[in-house]
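First the structure, in the form of structure tokens, and then the observations on it.
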Amino acid sequence: MDRVERELSKMESMSPTSPQRSHIKNGTVVPGAGSTANLGARSERSGSAKRTPTKFAPGGIELIPQPSSMPVDPLNWSRAKKEWTFTSVIFGLALICPSKTMFVTVNAVIAVELNVTYPAAAALTGVPYIFGGVAALKCHVLSRFFGKRGLYLVSATTVLLAMVWNMHIIASYPAFMISRILQGLGWGTFEALVAGSISDMYFVHQRRTRMNIVNAVTILSTWGFPILGGYMSQNTQGFRNQVMVINIMQAFSIVFLIFITPETTFDRSSAPHTPPVSSHNVSSFRSYLSTLRITTPHSTKPFTLNAAVRPVRALVAPSAILTALLTAPMLGTAFGIANTVSLLFSAMPTFLFPSHMGFLFILPLLFSLIIYSITTYISYLRSKPPNHLSESRELSTSLFGMLLGVTGLLSFGLYTVGNLLPRTVNANQTFTLVVSGADLNLNATSALFGLLVAGALVLYYSGLSHLSSTSAPASPLATELENASKIWVEFLVGIWIIGVPMWVTGSDGMLVGLKATSIALAVVSLVVGSTVAAAMWAKGREINRVDERVLKIPVEEMGGNAGVPMQKRKMNQSFSEA
């Protein structure tokens, strides 16, 4: 008997076997012997501290992030509730984005009506862009302590009130600028919240489809509205008609935000580990109303200086700055040329009305949606298991977008100048000045402009995808870097929108300025973009280590289950991507 007890004691004192890594078999994650679930099972048997077992979706996909045990956790909401919330937010986004391109077909009309220069009229879009970046930075700080629902309502209401005021401004440029700045503050805040709400409600393997929908809606509403806006600006009310139409729909959007969009922020660190006792006395209607409060018990966090300054620190992270330098010049050029269209074609010899200038945006819209869909689908096919979301692949897509955008920019500039620039014809020693603007092919012009816009958008979205590919799934590092990169892009695009009309209207004339500006911006985009892409390709790991040191993200926030940090998987073992 004593011998048996000694043998048992010896077995218990032996060190456990080394943990085995979870692996993939036939596209399904198979927990290893040392997985979190097994650790939790062993701890329960040994009587030590319990850990929550890892939860899996149908098909064996690990749920990242791991949901809490509470029904009010947005990850545990019913599918209908998630989709209604997502639809409400997308509808609000579709009404926010047109504010960015609302005046591209009527800038010349606004300049005459307000008695200002054309660059000053274009600044009514560029300056709000810059303030939108400031608002996005403020939003990222406030939302982590006070939730998102209140910010959604405040930003949407701000845009509505500013646009109502915008309709009644007749000849005051300062008042017009103030109203536009308020719109920029509103759209910057609203846009900055959307990706966070998707992350709150959906697991990592569900987010890709939703983010593709967000990007497609953003492209459609931003670059498609000038087609409708130019047509609506033809009568006596002018551009105020398109403002009025957006205001009417914006009022419905705010109603949806009030009654359909609950708070999605949820602090899982404050949630209990065991499911709460359900109360059958609370009606479903009262439970629904409780989710529509401005804040919920788990949507707010105590203020900490480290969390508050993290969005600011992210602005100086190398990856955020380099990604902005890679994408912003081309995207800013697309928006800058869009805000110069009215200058180029409203005067003689083309003398296009706003409705005809709106038609120039048909092919940019179609090209952008088609090329974005094709590149996204190819990326999806090439990232399915056993493949992975590769850094080099996203950079290759970025280079494709850059080359497409540069081709469109040079072709648009040279073709437009070649067809609008007057030339002298010598016939029998008689010199005749010929203006060939009447022969300008608007379809060709729209197609070349479309290549520029499509290339800029592919470059921008692939640059953001590159940031996701360098971090583990659901890592706050990628989120912080993406947010910071978007803020830098907002700043630079605003500067480009103001600058391009100024550079085009130089001392040598509009058409000469367009040619010089197109060549200069193409060279800048190509040189800066290729240099940055090469640096990110060659020194990606070193840059990531600097990012981590700059952001100072605690280890427990880098992922995991029940406080256990997620170990970074090898890229060829990844089964999902953000």
Side-chain angles (χ1 to χ4, degrees), residues 65 72-74 85-86 88-90 92-93 96-97 99 128-162 181-201 214 250 253-254 256-258 261-271 291-317 320 474 476-491 494 550-554 557:
V72 294
D73 186 344
T85 302
F86 178 72
S88 174
V89 171
I90 289 299
L93 180 67
I96 292 292
C97 292
S99 299
Y129 244 101
I130 298 174
F131 277 87
V134 176
L137 178 61
K138 170 211 66 177
C139 167
H140 293 314
V141 176
L142 295 179
S143 62
R144 64 189 60 200
F145 299 115
F146 304 104
K148 301 180 180 66
R149 178 169 165 79
L151 293 174
Y152 271 127
L153 294 173
V154 170
S155 60
T157 304
T158 300
V159 172
L160 176 61
L161 295 178
I181 290 175
L182 292 175
Q183 293 173 46
L185 293 173
W187 85 50
T189 301
F190 197 101
E191 273 192 315
L193 295 169
V194 174
S197 292
I198 293 175
S199 299
D200 292 339
M201 294 187 294
V214 169
Q250 183 72 17
S253 172
I254 294 176
F256 294 156
L257 290 173
I258 293 173
T261 311
E263 177 59 69
T264 62
T265 304
F266 189 86
D267 181 15
R268 292 181 185 86
S269 63
S270 64
T291 64
L292 296 180
R293 292 180 296 183
I294 297 298
T295 59
T296 64
H298 297 282
S299 67
T300 58
K301 291 183 180 179
F303 177 85
T304 60
L305 184 61
N306 180 57
V309 301
R310 190 184 298 168
V312 181
R313 286 203 300 263
L315 290 176
V316 297
L477 179 65
T479 302
E480 298 289 356
L481 293 176
E482 286 183 23
N483 293 338
S485 178
K486 290 178 182 178
I487 292 172
W488 281 121
V489 169
E490 293 276 309
F491 290 154
V550 169
L551 289 175
K552 301 178 182 178
I553 298 178
E557 293 186 28

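Worth saying up front: this structure is predicted, and the values here are computed from it rather than measured.
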Please check: side-chain N/O of R310 versus main-chain N/O of V141, any donor-acceptor pairing under 3.5 Å?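 Not confirmed, R310 side chain does not pair with V141 backbone.
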Between the main-chain N or O of T261 and the side-chain N or O of R149, is there a donor-acceptor pair closer than 3.5 Å?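 It does hold such a pair.
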Reported [atom1]-to-[atom2] distance for the pair [X] and [Y], which is rounded to 0.5 angstrom:
{"X": "F86", "Y": "L93", "atom1": "CZ", "atom2": "CG", "value": "9.5 Å"}
{"X": "I294", "Y": "L151", "atom1": "CD1", "atom2": "CG", "value": "9.5 Å"}
{"X": "C139", "Y": "L185", "atom1": "SG", "atom2": "CG", "value": "11.5 Å"}
{"X": "I254", "Y": "T157", "atom1": "CD1", "atom2": "OG1", "value": "4.0 Å"}
{"X": "S253", "Y": "L160", "atom1": "OG", "atom2": "CG", "value": "9.5 Å"}
{"X": "L193", "Y": "H140", "atom1": "CG", "atom2": "NE2", "value": "8.0 Å"}

Under the side-chain contact (heavy atoms from CB on, under 4.5 Å) criterion, do S197 and T85 qualify, and how do the steps go? CA-CA 9 Å; S197 292; T85 302; over 6 Å; no
Decide yes or no for [X] and [Y]: does some side-chain heavy atom of the first lie under 4.5 Å from some side-chain heavy atom of the second?
{"X": "L481", "Y": "L551", "answer": "yes"}
{"X": "Y152", "Y": "V194", "answer": "yes"}
{"X": "D200", "Y": "F266", "answer": "no"}

Quick one: list whatever passes side-chain hydrogen bond (donor to acceptor under 3.5 Å, both in side chains) with [X], sequence neighbours left out.
{"X": "Q250", "value": "none"}
{"X": "N483", "value": "none"}
{"X": "E191", "value": "K100"}
{"X": "T265", "value": "K148, E263"}

With sequence neighbours excluded, tell me which residues meet side chain to side chain contact (heavy atoms under 4.5 Å, CB included) with [X].
{"X": "F146", "result": "L142"}
{"X": "V316", "result": "V550"}
{"X": "V154", "result": "T158"}
{"X": "S155", "result": "T189, F190"}

At their closest point, which heavy atom of [X] faces which heavy atom of [Y], and how far apart are they?
{"X": "R144", "Y": "A307", "result": "NH1-O, 3.2 Å"}
{"X": "A320", "Y": "A484", "result": "CB-CB, 3.7 Å"}
{"X": "L257", "Y": "A156", "result": "CD1-CB, 3.7 Å"}

Could you list the residues that satisfy ring pair (Phe, Tyr, Trp, His ring centres under 6.0 Å) with Y129, not counting sequence neighbours?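 Applying ring pair (Phe, Tyr, Trp, His ring centres under 6.0 Å) to Y129 gives W187, F335.
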For F256, give me all partners under ring pair (Phe, Tyr, Trp, His ring centres under 6.0 Å), at least two apart in sequence or on another chain. F91
Quick one: salt bridge (Lys or Arg N to Asp or Glu O under 4.0 Å) partners of R313, sequence neighbours excluded? none
Any salt bridge between E480 and K552, counting N to O under 4.0 Å?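 No, this pair does not count.
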Check whether more than 12 heavy atoms from other residues, nucleotides or ligands sit under 6.0 Å from atom CZ of F131, and answer yes or no. no
